[in-house]
K.L.:
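Following this message is one structure expressed as structure tokens.
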Amino acid sequence: MSIAIGGFIGQGDPLTLIDYLKTMDVGDLTVYENDAGYRDRGTVELVNQGKVKKIVASHVGTTPDIAKAMNEGRLEVEATPQGTLAEMLRCGGAGLGGFLTPTGIGTIAEEGKQIVELNGRPFILVPAARCDIALVRAHRGDTWGNLIFRGTSRNFNVPAAMCADYVIAEVENLYTMGELDPEAIHTSGIFVDAVVRANVSYCTVRDEPLEAAARSK
Amino acid sequence: MSIAIGGFIGQGDPLTLIDYLKTMDVGDLTVYENDAGYRDRGTVELVNQGKVKKIVASHVGTTPDIAKAMNEGRLEVEATPQGTLAEMLRCGGAGLGGFLTPTGIGTIAEEGKQIVELNGRPFILVPAARCDIALVRAHRGDTWGNLIFRGTSRNFNVPAAMCADYVIAEVENLYTMGELDPEAIHTSGIFVDAVVRANVSYCTVRDEPLEAAARSK
Amino acid sequence: MGNAKQTIARRAAQELRDGQIINLGIGLPTMIANYVPAGIDVVIQTENGGIGVGPAPAPGCEDRDRANAGNQPITLVAGGSYFDSATSFAMIRGGHVDSTFLGTLQVDEEGNIANWIVPGGLLAGMGGAMDLVTGAKIVHIVTEHCARDGSSKLMQRCTFPLTGANEADVIITERAVLRRFAHRGWVLEEVAAGYSLADIAACTELAYTVADDVKLDAFGADEAAAEKAARSVLGL
Amino acid sequence: MGNAKQTIARRAAQELRDGQIINLGIGLPTMIANYVPAGIDVVIQTENGGIGVGPAPAPGCEDRDRANAGNQPITLVAGGSYFDSATSFAMIRGGHVDSTFLGTLQVDEEGNIANWIVPGGLLAGMGGAMDLVTGAKIVHIVTEHCARDGSSKLMQRCTFPLTGANEADVIITERAVLRRFAHRGWVLEEVAAGYSLADIAACTELAYTVADDVKLDAFGADEAAAEKAARSVLGL
């Protein structure tokens, strides 16, 4: 089963839903997410429970346990450029088969990928990612699933909310339909299948950044 | 020279900028736009002036003069599915080389295009459209080029504003920086190079729809 | 046949399921919104960038920036919102729209649809129709059964340039309802009041089988009665 | 070399042009924001979804939902805004970001950059770096000239997996500034205070030519003086 998860090293991570997933008897998950969470919180917890087979991410340096899981052969990590990952999810949600990106030409991001030349310039053909489930978090949401994010917690929550057959959003503030400004909706309820109240918080920026996070880009 | 123009059969058409273009000594334009305007107003005026060589559009039925120009060999029209056109512009703005769409498989939209099969399913490989200039219209804008649209006038203005090397926005209401809500910006000023005040209005929905528009989809 | 469009729109509305997200083409399909059955709530998407389309505004209350893809003034219901064209077609192509209703020039045995151009006719363009037939989960063709010259629009093989290949799921005309299944092909499920199985066979070129439980006089009785009354008044 | 990072950040800030849109990598590149010259206004984009990044918030005023890609708290200046990751990388890949400043492990003669993984080391991931070096109009490599083991980071040919091929435009170290031109390759334009042309040659593996108007003692004088003073105090 494939799951797309929104958030960015803690910012906007759907921790209520991840906590719920921790209590479920599931396994063999393939996770599409920018990262595995922050420190010991987030998707890394599912990895430590042995629920995750593979993670497709741009960076897993903010969760030290991921390295351990990889080293011990318990987890496969597919490193993907951040922009490529965001576009894979958006394309999956948009019914496109894939896209051509110049990012990663001449690097290992090419490996196993088809190269297409257009006007003399090479591009990597990246297949779209369509997932079974997506978990996202928003600051505000209404009962139909319209979502409004806050600040930099918008991030991967928008493309993740598009790409799955069943999309669950946890919202910090739940509104009835008509209370949110129709001009200011970031994600239309058309993409969202279920809405729950967020009951845990995430906390990132008051901590010192991890050494690993500071070292790498 | 290629120009992307926002708007949708009148809704949100950048008529101030089109009026200005009418006074300029330019020609051989290739226009990327959903349509050619509404009745006798919009890009159709540039066509009637002989400034446009080709238009890439999803529908030109709302401007009867376009049919005349085509018949007389004065204009080439490349009919493109509406979703494909929107994505061509977005991809051009996003630095992607192109995308794979299932739309138009088995139709003349395939003609001259490469077909790519992924997981046994055929897709049309559509190259991105990167334009020299884009003209768009917004309801509100600030001096840096942040734009907020109104209602269904958002339409092609968003992808058009992304896809060009030089993007000019006409705005109905001009604000200083900081007056627009940073959470509610539809198009970031990063995409916009110049902002002018809109000085003409467009009017669509109070008219009876054209027969041609009503007949076709 | 003055009531044919109403018959079609009324019957088409019976296809709606509660909670569905639908897109209605310009013209006849737009009329379907007038016949949504009681107790059924659907969400209408318009491909130029709105969702939650509600009733038309009162005269004088039209708003230049609230229109559908046919430039008709609209309102939005509570929970509706606006978006750009790239996002709109992400919805449509991505399978987030449950059902679309489109008129057509021709539809054929393989589910091919031709509704955007007549060879030799003026090019208008396909608009959003190619994306809609590709992306919507269910594609309903709502059309008069025959063209103006009396020929069947339900053809063996489309002769006009296609809008989509193998995409039509349901055909609703003023005379019949046919549904297409993967292995059986087109199945005639309903015949309208005033028509017999033989009538349908006579005006339908595409091959179909008749459902075991085909319903006769299934719909259109009101319109047929109204028509009969009108004819009788006129002494026809 | 305690002041090397400051020297690099200060010199790198001299590359900024008024009105530019820039993206700063995590760590040393982020320090460049502290040295923006008077009269120069730049707009800082952060790839996790913000533009118009301003000064860090006052202690106690940090906001969980206002952070940069390194999870450090940020503020936005007037005119700034937030967006999602797909839009953010549309900006970056699409050439809308004028300039990016990134640290590196290695950079070579052909402008190849290797900054995301050491073979045999732990995989962290390339984050947004591959998109940034591909999409930004000017790619500045800001790095100490040599690795901890004393070997040059400015190599003939990168040995680590690449972040981008043929993408580096400018290298700024605490010792020198080199700029790459299409036909001439790398050109040494500036040498920092405390270093000679011979010093640079000795610690640089990639081939370069020396600009006719190469500037000696071009930057770093303050830091060199401070360092000298510190050494003298320590009796070194």
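Naming: A, B, ... by sequence-line order, numbering from 1 per chain. Not measured: the values here are computed from a predicted model.
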K.L.:
From B/Q11 CD over to C/N71 CG, what is the distance, rounded to the nearest 0.5 angstrom?
P.N.:
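If we round to the nearest 0.5 Å, B/Q11:CD and C/N71:CG are 5.0 Å apart.
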K.L.:
Quick test of your reading: applying salt bridge (Lys or Arg N to Asp or Glu O under 4.0 Å), list the pairs with at least one residue in residues 99-115 of chain B, sequence neighbours left out, ordered by first then second residue.
P.N.:
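Listed once each, the pairs would be none.
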K.L.:
Output side-chain donor-acceptor pairs under 3.5 Å for residues 124-132 of chain B, partner residues at least two apart or in another chain, one line each.
P.N.:
{"unit_1": "B/R130", "atom_1": "NE", "unit_2": "B/D165", "atom_2": "OD1", "d": "3.0"}
{"unit_1": "B/R130", "atom_1": "NH1", "unit_2": "B/G92", "atom_2": "O", "d": "3.1"}
{"unit_1": "B/R130", "atom_1": "NH1", "unit_2": "D/G94", "atom_2": "O", "d": "3.1"}
{"unit_1": "B/R130", "atom_1": "NH2", "unit_2": "B/D165", "atom_2": "OD1", "d": "3.1"}
{"unit_1": "B/D132", "atom_1": "OD2", "unit_2": "B/S2", "atom_2": "N", "d": "2.9"}
{"unit_1": "B/D132", "atom_1": "OD2", "unit_2": "B/S2", "atom_2": "OG", "d": "3.3"}

K.L.:
Give me the contact list for residues 147-163 of chain B versus chain C, heavy atoms only, anything under 4.5 Å, ordered by residue number.
P.N.:
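B/R150, B/G151, B/T152, B/S153, B/R154, B/N155, B/F156, B/V158, B/P159, listed by number.
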K.L.:
Judged by atom type as modelled, is there a donor-acceptor pair below 3.5 Å linking the side chain of C/E47 to the main-chain atoms of B/G83?
P.N.:
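Pair absent, no side-chain N/O of C/E47 close to backbone of B/G83.
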K.L.:
For B/G104 and C/M130, work out which heavy atoms get closest and say how close.
P.N.:
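For B/G104 and C/M130, the tightest heavy-atom pair comes out as CA-SD, 4.0 Å.
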K.L.:
Restricting to non-hydrogen atoms, name the atom on C/M126 and the atom on B/P81 that form the minimum distance, rounded to 0.1 Å.
P.N.:
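That would be SD-N, 3.6 Å.
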K.L.:
For C/T134, give me all partners under side-chain hydrogen bond (donor to acceptor under 3.5 Å, both in side chains), at least two apart in sequence or on another chain.
P.N.:
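Partners of C/T134 under the side-chain hydrogen bond (donor to acceptor under 3.5 Å, both in side chains) test: none.
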K.L.:
Write down the atom of B/P102, the atom of C/R93, and the distance for their closest heavy-atom approach.
P.N.:
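Heavy atoms only, the tightest pair is CD-CD, 4.0 Å.
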K.L.:
How many angstroms lie between CG in C/N166 and CD1 in B/I105, if you round to the nearest 0.5 Å?
P.N.:
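It is 12.5 Å, given to the nearest 0.5 Å.
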K.L.:
Ignoring hydrogens, what is the shortest heavy-atom contact between C/A165 and B/G106? Give both atom names and the distance.
P.N.:
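For C/A165 and B/G106, the tightest heavy-atom pair comes out as CB-CA, 4.2 Å.
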K.L.:
Can you tell me how far the CG atom of B/N34 sits from the CG atom of C/N48, to the nearest 0.5 Å?
P.N.:
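These two atoms lie 9.0 Å from each other.
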K.L.:
What part of C/T163 gets within 4.5 angstrom of chain B, counting heavy atoms only: side chain, backbone, both, or neither?
P.N.:
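Contact with chain B involves the backbone of C/T163 alone.
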K.L.:
If you look at every heavy atom in B/Y202 and C/R64, which pair is closest and at what distance?
P.N.:
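Result for this residue pair: O-CD, 2.8 Å.
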K.L.:
In terms of heavy-atom proximity below 4.5 Å to chain C, should B/T80 be classed as side chain, backbone, both, or neither?
P.N.:
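The backbone, not the side chain.
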K.L.:
What distance separates C/F89 CZ from B/S58 OG, expressed to the nearest 0.5 Å?
P.N.:
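Separation between the atoms: 7.0 Å.
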K.L.:
Does a sphere of radius 6.0 Å around CG in C/D149 hold more than 12 heavy atoms from other residues, nucleotides or ligands, not counting ones at 6.0 Å or beyond?
P.N.:
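Enclosed: over 12 neighbouring heavy atoms sit under 6.0 Å from CG of C/D149.
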K.L.:
Pick whichever of C/L162, C/T30, C/N112 has the most heavy-atom pairs under 4.5 Å with chain B.
P.N.:
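Among C/L162, C/T30, C/N112, the one with the most close pairs to chain B is C/L162.
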